[in-house]
Student: 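I have a structure I would like to understand better, so I am pasting it below and will then ask my questions one at a time.
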Amino acid sequence: MGKLPPIAPLFRRWGAWLAFSWVALTGGCQLLDLGRAPLASVLGRDSQTLRGVLTAEDKVSRAYGSYWDGIPVVAKAGQILIAALESEEFDPYLELVDEQGRVIGFDDDSGLDVNALLAVRLPQEGTYTLRATSFEPAASGSYRLTYTLTQGNWQQTLSGRLQEGSLQHPEDGSWMEEYPITARPGQILVASLTSSDFDAFLQLLDPEGKVMAWDDDQGGGTDALLIAFLPRSGTYTLRANTYKPRQEGAYVLQYSLH
């Protein structure tokens, strides 16, 4: 299809061509200062903050050779987990693992500078594990992990229907609708696309029309949920889309700007 890599774990090594190429162009130190207040607004007063250090004494990923720390998170079904992993010593990478050991969410550079920012709707009650790790193998250093559980405080709720006559995705012809969002520099966008009729796919386009963020299933089941740091002012576009061509049906798009 071309809208995303066909195997999600490959994103970790292919991420450079897809995940937020704007970071290298906008000046990391300025982004860090710019985004502190929006990050605090997203995470809220009830957030938990942990500080740690990745070392050679930690667990090691068999697949990637990176060190990782595991942080248990007890949650109820339907809650949204929002987590930020920050470090000045390595490129942070976040994974969320369920009780069966399956990775159900991951992020590399959605946060400030090259930091990780993750949002996942949790499908069932239980204990999940946040893995604080690095994008590159055998990277070490100190980090700060902040996370919260929320039901989602949406500022906008929009409903629609994708069907013949809707806009078509430029890559695969699937039905879509686009919603402009005017943002200030440093704001953080959280967006959810749900449907009982089709596999939801959500994209965020920058003011130049380039895809800067996407999600397929981190909204639980086949719903989509994304979170993204917006580095500059302008009109961004949320694209409500079906994952596959010829799917159609009703949907609900919700989002908040912080």
Student: Less than 4.5 Å apart, side chain to side chain, heavy atoms only: is that true for V120 and L122?
Tutor: yes

Student: Quick check: do W214 and L226 have side-chain heavy atoms less than 4.5 Å from each other?
Tutor: no

Student: If you apply the rule side chain to side chain contact (heavy atoms under 4.5 Å, CB included), what do you find for Y243 with T222, and how did you get there?
Tutor: CA-CA 9 Å; Y243 181 73; T222 59; over 6 Å; no

Student: Tell me, do L230 and I188 make a side-chain contact under 4.5 Å, heavy atoms counted?
Tutor: no

Student: Measuring from atom CG of L145 to atom CD1 of I71, what distance do you get when rounded to the nearest 0.5 angstrom?
Tutor: 5.0 Å

Student: If you measure from the Lys or Arg side-chain nitrogens to the Asp or Glu carboxylate oxygens, is any gap between R102 and D98 under 4.0 Å?
Tutor: yes

Student: Is there a side chain to side chain contact (heavy atoms under 4.5 Å, CB included) between L117 and L85 once you walk through the steps?
Tutor: CA-CA 7 Å; L117 184 60; L85 181 64; over 6 Å; no

Student: With a 4.5 Å limit on heavy-atom distance, are the side chains of F135 and F90 in contact?
Tutor: no

Student: Taking all non-hydrogen atoms of both residues, which atom of R121 and which atom of G219 are closest, and how far apart?
Tutor: NH1-O, 2.8 Å

Student: Do S142 and E89 pair up side chain to side chain, a donor and an acceptor below 3.5 Å, judged on atom types alone?
Tutor: yes

Student: Answer yes if W68 and V60 sit in the same cluster of Ile, Leu, Val, Met, Phe, Trp and Tyr residues linked by side chain heavy atoms under 4.5 Å apart, and no otherwise.
Tutor: no

Student: Would you indicate whether D197, at its atom CG, is surrounded by more than 12 heavy atoms from other residues, nucleotides or ligands within a distance under 6.0 Å?
Tutor: yes

Student: What's the verdict on side chain to side chain contact (heavy atoms under 4.5 Å, CB included) for I181 and L189, showing C-alpha distance, side-chain angles and the deciding distance?
Tutor: CA-CA 10 Å; I181 297 176; L189 173 72; 4.1 Å; yes

Student: What's the spacing between Q156 CD and L158 CG if we round to 0.5 Å?
Tutor: 6.0 Å

Student: Looking only at heavy atoms, which two atoms of G70 and T129 are closest? And how far apart?
Tutor: CA-CG2, 3.8 Å

Student: Between the side chains of T49 and T146, is a donor N or O closer than 3.5 angstrom to an acceptor N or O?
Tutor: yes

Student: What closest approach, in Å, do H258 and S256 show between heavy atoms, and which atom pair accounts for it?
Tutor: NE2-CB, 3.6 Å

Student: In Å and rounded to the nearest 0.5 Å, what is the CD to CG distance from E177 to L162?
Tutor: 6.0 Å

Student: For the pair L54 and Y143, evaluate side chain to side chain contact (heavy atoms under 4.5 Å, CB included) and give the outcome as yes or no after the intermediate values.
Tutor: CA-CA 8 Å; L54 291 183; Y143 64 83; 4.1 Å; yes

Student: How long is the gap from CG on L205 to NZ on K210, to the nearest 0.5 Å?
Tutor: 11.0 Å

Student: Mind listing the closest non-hydrogen atom pair of Y251 and A240 along with its distance?
Tutor: CE1-CB, 4.1 Å

Student: Quick check: do L130 and Y147 have side-chain heavy atoms less than 4.5 Å from each other?
Tutor: yes

Student: Is there a side-chain contact between V53 and D69, using heavy atoms and a 4.5 Å cut-off?
Tutor: no

Student: So how far is it from F198 CZ to D223 CG, rounded to the nearest 0.5 Å?
Tutor: 9.0 Å

Student: Has the side chain of S134 got a donor or acceptor atom that lies under 3.5 Å from a matching backbone atom of S66?
Tutor: no

Student: Donor-acceptor pair, Q203 side chain versus D215 backbone, under 3.5 Å?
Tutor: no

Student: Grab the two heavy atoms, one from P231 and one from P185, that are nearest each other, plus how far apart they are.
Tutor: O-CB, 3.7 Å

Student: Kindly work out whether a path of hydrophobic side-chain contacts (I/L/V/M/F/W/Y, heavy atoms less than 4.5 Å apart) joins L50 to L118.
Tutor: yes

Student: Quick one: does any side-chain atom of D108 pair with a main-chain N or O of A116 as donor and acceptor, under 3.5 Å?
Tutor: no

Student: When you group the ILVMFWY residues by side-chain heavy-atom contacts below 4.5 Å and let the links chain together, are V252 and F201 in the same group?
Tutor: no

Student: If you measure only the distance, is there a donor-acceptor pair under 3.5 Å linking the side chains of S174 and D172?
Tutor: yes

Student: Atom CG in L202, atom CE in M176: separation rounded to 0.5 Å?
Tutor: 12.5 Å

Student: Could you tell me which non-hydrogen atom of L94 sits nearest to which non-hydrogen atom of A132, and how far apart they are?
Tutor: CD2-CA, 4.4 Å

Student: Using a 6.0 Å cut-off, check whether atom CZ of R246 has over 12 heavy atoms from anything other than its own residue.
Tutor: no

Student: Determine whether F229 and S110 make a side-chain contact, defined as any pair of heavy atoms from C-beta on separated by less than 4.5 Å.
Tutor: no

Student: Determine whether V73 and T127 make a side-chain contact, defined as any pair of heavy atoms from C-beta on separated by less than 4.5 Å.
Tutor: no

Student: So if you build clusters from Ile, Leu, Val, Met, Phe, Trp, Tyr with side-chain heavy-atom gaps below 4.5 Å, do L225 and L96 land together?
Tutor: no

Student: Any link between L81 and V97 through a network of hydrophobic side chains (Ile, Leu, Val, Met, Phe, Trp, Tyr) touching at under 4.5 Å?
Tutor: no

Student: For the pair R144 and E86, find out whether any cationic side-chain nitrogen is under 4.0 Å from an anionic carboxylate oxygen.
Tutor: yes

Student: Around Q155, counting heavy atoms of other residues, nucleotides and ligands shown, do more than 12 lie under 6.0 Å from its CD?
Tutor: yes

Student: Determine the interplanar angle of the F106 and Y93 rings, folded into 0 to 90°, and report it as parallel if under 30°, tilted if 30 to 60°, perpendicular if over 60°.
Tutor: parallel

Student: Could you check whether any side-chain N or O of E248 sits under 3.5 Å from a backbone N or O of R161, counting only pairs where one atom can act as donor and the other as acceptor?
Tutor: no

Student: Other residues, nucleotides and ligands only: do more than 12 of their heavy atoms fall within 6.0 Å of CD on E164?
Tutor: no

Student: Donor-acceptor pair, T133 side chain versus Y67 backbone, under 3.5 Å?
Tutor: yes

